[in-house]
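Notes for the one structure printed next.
Sequence lines set the chain letters: A, B, ... in the order given, protein chains first and strands last, and positions in each chain run from 1.
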Amino acid sequence: MPELPEVETIRGQLDKVLDGKTITEVEVLRAKSFLGDPRILEGKKIREVKRKAKVIEIYFEGAREMVIVHLKMTGQMVYVGGHPTVDWIRELPSKHTRVVWTFKDRAKLFFNDMRVFGWMKIVDLDEYEKGKRRTIPDVIDEGFSTEYLFTVLKRSRKPVKLVLLDQDKIGGIGNIYVNDALFLARINPLRASNSLDDVETKRLHSAVVKVIKLGIKYGGASAADEKFVNVFGLGGTYQKHFLVYQKNGQKCSECGTAIEKIKLGGRGTFYCPNCQV
DNA sequence: TGATATGTTATCTT
DNA sequence: CAAGATAACATATC
């Protein structure tokens, strides 16, 4: 579901489309989905939309507050421009719409979230900027070096896949890209994190960066059961390039062995038992 | 009907 | 005490 590439796709589109827009109304259709007083946002003008790991950050002009959004598993941010068509109005808000922002030019931003795990939150700008989360490197940040990854991996005996998914250590990787990255690096997801040597760590580092960048290039992944759509309601195409994710039973592209599916930390895990050691 | 899916966090167990 | 394991959250789909 939304991992760094999906969130980055949405961020880029929101940044363009919301630039300079002034909020006139915020409707909260489901209390759990919005934290803070929505009235605070009325009259606020959007300056910039940024991202840290899987969190979308919305900045306003001259405001003490900002908004952060986490889509969790099924969150969507859908934008309908200045003169919404009849079709869109009929479809949105949908059964899953949790929050609606309306702008001065009548454009609307819908926050849909089927499973209601995601949230939209008003936070104090200074406090947020000071938060220690910001110091955790994203996979595509400068700070995410092979050396950093090596130190992180050395500190745990857990299966390497779980350490890569740990957002307190590395930001942005989720279950889709971690499976593909481990395949690319030819490393078994079950391997004890601290058992990887420097050569394997180097391979893993470039593999992770590579698949995440590919994901961004293809506008994210929208597999059969994926709820990911971008700001314009369209899916991404990375699913056409999956290496092992959801390919259990199919032949490995390298050796022809059937891809296996196991459970690790309660999550679906896909790998080639022959190539990944 | 019950298993399954996913990101993160809370809580339990070594 | 900390690391690791697992349950919980909400809902649709098979």
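- The base of dT14(B) does not come close enough to the side chain of R157(A) for any donor and acceptor atom to sit less than 3.5 Å apart.
- Using a 4.0 Å heavy-atom cutoff across all strands shown, G265(A) reaches no nucleic acid atom at all.
- Look at CE on M114(A): it is 10 Å from C1' on dT6(B), rounded to the nearest Å.
- Comparing L162(A) and F117(A) against DNA chain C, the residue whose closest nucleotide sits nearer the 5' end is L162(A).
- Ion pairing between E61(A) and R47(A) fails under the 4.0 Å rule for side-chain N and carboxylate O.
- In summary, E127(A) and K130(A) do not engage in a salt bridge, as defined by a charged side-chain N under 4.0 Å from a carboxylate O.
- With no hydrogens or angles considered, no side-chain donor-acceptor pair links K261(A) and T269(A) at under 3.5 Å.
- Taking the 5' to 3' direction, DNA chain C first and last meets chain A under 4.0 angstrom from a heavy atom at dA3(C) to dA12(C).
- For the pair Q239(A) CD and dA5(B) C1', the interatomic distance rounds to 17 Å; values are reported in whole Å.
- Between Y238(A) and Y177(A), a ring centre-to-centre spacing shorter than 6.0 Å is recorded.
- Side-chain atoms of N230(A) and T9(A) include no donor-acceptor pair closer than 3.5 Å.
- As a whole-Å value, the separation of L165(A) CG from dG7(B) C1' is 9 Å.
- Dashed line: the shortest gap from a side-chain N or O of H70(A) to OP1 or OP2 of dG7(B) is not under 4.0 Å.
- Atom P of dT8(B) sits at a distance of 22 Å from the matching atom of dA12(C), rounded to the whole Å.
- Within the structure, side-chain hydrogen bond (donor to acceptor under 3.5 Å, both in side chains) contacts touching residues 15-33 of chain A (residues at least two apart or in different chains) are K21(A)-D105(A).
- A donor-acceptor contact closer than 3.5 angstrom links the side chains of E57(A) and Y128(A).
- Counting non-hydrogen atoms under 4.0 angstrom, T74(A) reaches nothing in the nucleic acid.
- What separates CZ of F270(A) from C1' of dT4(B) is a distance of 11 Å, to the nearest Å.
- Rounded to whole Å, the distance from CZ on R267(A) to P on dT9(B) is 13 Å.
- Scanning all heavy atoms of the two residues, the minimum distance from D113(A) to R98(A) falls at O-NE, 2.8 Å.
- Separating the CD1 atom of I173(A) from the P atom of dT8(B) is a distance of 11 Å, rounded to the nearest angstrom.
- Regarding contacts with the backbone of dT6(B), a side-chain N or O of Y245(A) is found under 4.0 angstrom from either OP1 or OP2.
- Within the 4.0 Å cut-off from OP1 or OP2 of dT8(B), at least one side-chain nitrogen or oxygen of K54(A) is found.
- In this structure, the NZ atom of K32(A) is 12 Å from the P atom of dT9(B), given to the nearest Å.
- Consecutive pairing runs in DNA chain B reach the stem threshold at B:2-5 with C:11-14, B:7-14 with C:2-9, where a stem means at least three Watson-Crick or G-U wobble pairs with distances under 3.5 Å.
- Counting non-hydrogen atoms under 4.0 angstrom, R155(A) reaches nothing in the nucleic acid.
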* To do: Check the pair H205(A) / Y148(A) against ring-ring contact (aromatic ring centres under 6.0 Å, His included), numbers first and verdict last.
  => CA-CA 10 Å; H205(A) 178 268; Y148(A) 177 80; 9.6 Å; no
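- L164(A) places its CG atom 13 Å from the P atom of dG7(B), with the value rounded to the nearest Å.
- Counting heavy atoms of neighbouring residues, nucleotides and ligands inside a 6.0 Å radius, atom NZ of K154(A) exceeds 12 of them.
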